[in-house]
There are 2 protein chains.
Amino acid sequence: MIAKELTIGELSERSGVPSSALRFYERQGLITSRRTAGNQRRYHRTTLRRVAFIRASQSVGMPLSVIGGVLGFLPEDTPPTREFWLRASACWSEEINARIEKMERMRDRFTECIGCGCLSFEQCVLVNPGDALAEHGPGPRRLIEP
Amino acid sequence: MIAKELTIGELSERSGVPSSALRFYERQGLITSRRTAGNQRRYHRTTLRRVAFIRASQSVGMPLSVIGGVLGFLPEDTPPTREFWLRASACWSEEINARIEKMERMRDRFTECIGCGCLSFEQCVLVNPGDALAEHGPGPRRLIEP
DNA sequence: AGTTGACTTCAACCTTGGTTTAAGTACGAG
DNA sequence: CTCGTACTTAAACCAAGGTTGAAGTCAACT
């Protein structure tokens with residue numbers, strides 16, 4: 001038989017991701033599907049990998065928008081190359097490391113600040129944080145420009 | 001003169017926090033106010049400290065619900081003791097450290113997983129994360145039971 | 001051919017941490 | 001007392017990442 005396509009139910013069961021979430025991912029452009037004559041979705045088998053990548057990336061804290069950006073480099077109907085995985089991995093690691101460092105700085109400042117009892121609006125970096133909410137980084141440059 | 005109470009505008013200006021946010025904090029029970037005959041809010045001066053604590057805690061990633069839990073131990077009309085600050089600091093540091101460790105584990109698993117190319121639903125811890133979304137920890141035990 | 005279960009869409013709803021807006025009321029300076 | 005500014009409320013809205021439900025259609029088994 002020719003490579004079997006998956007219905008949304010099958011993809012859902014095999015990935016453990018609810019159909020509603022899969023439809024949501026598709027609306028967001030993270031996955032794509034063919035439609036049958038009756039307007040039902042049929043997924044290429046490689047979509048399983050894409051979904052796995054999405055969930056794994058989410059589990060390390062990546063927002064869907066960024067994941068989508070990276071998946072844009074992955075051709076829809078071919079299995080991802082080993083190189084893709086390696087670059088994605090490097091990219092995520094970098095992001096995670098940046099976040100860890102930021103949290104470490106925060107923790108140290110907090111302890112310091114509390115320790116000296118200075119919690120006031122004029123002096124304290126924590127209370128008037130400049131970079132505290134600067135979450136919108138440049139994203140996966142490494143993957144975009146290999 | 002007797003210890004001056006603050007209007008919401010004064011509290012807002014002195015803390016740098018918009019009035020809308022202060023009203024929101026009050027609805028959430030994080031701060032309290034007396035009302036004038038005309039139904040306007042008047043804040044005790046110590047509220048400035050509470051607000052500072054709220055913003056500092058937010059800046060290290062604490063959700064308002066948890067901050068509220070901790071502030072529950074701080075009497076409304078007296079300035080916070082040094083001991084309170086120290087315990088709160090210890091409490092937050094612990095939380096932050098836990099989050100950092102979790103992210104480090106995630107990063108390592110991700111690299112490992114990607115490195116071996118195993119990104120599949122049955123084997124991969126990342127794809128079926130047990131603790132990935134276990135954000136609802138026991139909260140500030142250390143402060144509750146000193 | 002009929003029935004059942006899986007599929008379709010759209011819209012409403014959830015949480016967190018607020019902001020914005022409208023309509024109305026209070027406070028304080030002059 | 002009047003005027004302008006500051007205050008009050010409720011309700012609607014934003015982002016993310018979906019879930020839930022209603023109403024209707026498709027696919028497949030018998």
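The figures here come from the full heavy-atom set of this structure, side chains too, leaving out hydrogens, waters and symmetry mates. In the text below, chain A, chain B and the rest are named by the order of the sequence lines, each starting its count at 1. Quantities reported herein were computed from a predicted structural model and do not represent experimental measurements.
Side-chain contact, Tyr25(B) with Arg55(B): a donor N or O sits under 3.5 Å from an acceptor N or O.
Residues that satisfy the salt bridge (Lys or Arg N to Asp or Glu O under 4.0 Å) test with Glu26(A), not counting sequence neighbours, are Arg41(A). Partners of Glu10(A) under the salt bridge (Lys or Arg N to Asp or Glu O under 4.0 Å) rule, at least two apart in sequence or in another chain, are Lys4(A). Partners of Arg34(B) according to the salt bridge (Lys or Arg N to Asp or Glu O under 4.0 Å) rule, which considers only residues two or more places apart in sequence or in another chain, are Glu5(B).
Between the side chain of Ser93(A) and the backbone N or O of Ala90(A) there is no donor-acceptor pair closer than 3.5 Å. Put simply, the side chain of Thr47(A) never gets that close to the backbone of Tyr43(A): no donor and acceptor are under 3.5 Å apart.
Rounded to whole angstrom, the span from the CD atom of Glu5(B) across to the C1' atom of dA6(D) amounts to 17 Å. Counting to the nearest Å, the P atom of dC10(C) and the CZ atom of Arg23(A) are 12 Å from each other. Counting to the nearest Å, the P atom of dT8(D) and the CG atom of Leu11(B) are 11 Å from each other. In this structure, Arg14(B) atom CZ and dA6(D) atom P are separated by 17 Å, rounded to whole Å. Straight-line distance from the CD atom of Glu10(A) to the C1' atom of dA27(D): 12 Å, rounded to whole Å.
Pairs passing the salt bridge (Lys or Arg N to Asp or Glu O under 4.0 Å) check and including a residue from residues 59-74 of chain A, sequence neighbours excluded, do not occur.
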Treating primed atoms plus P, OP1 and OP2 as sugar-phosphate and everything else as base, which nucleotides of nucleotides 12-21 of chain C get B, S or - for protein heavy atoms under 4.0 Å? -----BBSB-
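Residues of residues 29-45 of chain A that place a heavy atom closer than 4.0 Å to DNA chain D, in numerical order, are Thr36(A), Gly38(A), Gln40(A).
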Using the side chain to side chain contact (heavy atoms under 4.5 Å, CB included) rule, take Val60(A) and Arg107(B) through it: C-alpha gap first, then chi angles, then the decisive distance, then the call. CA-CA 7 Å; Val60(A) 295; Arg107(B) 177 199 53 198; over 6 Å; no
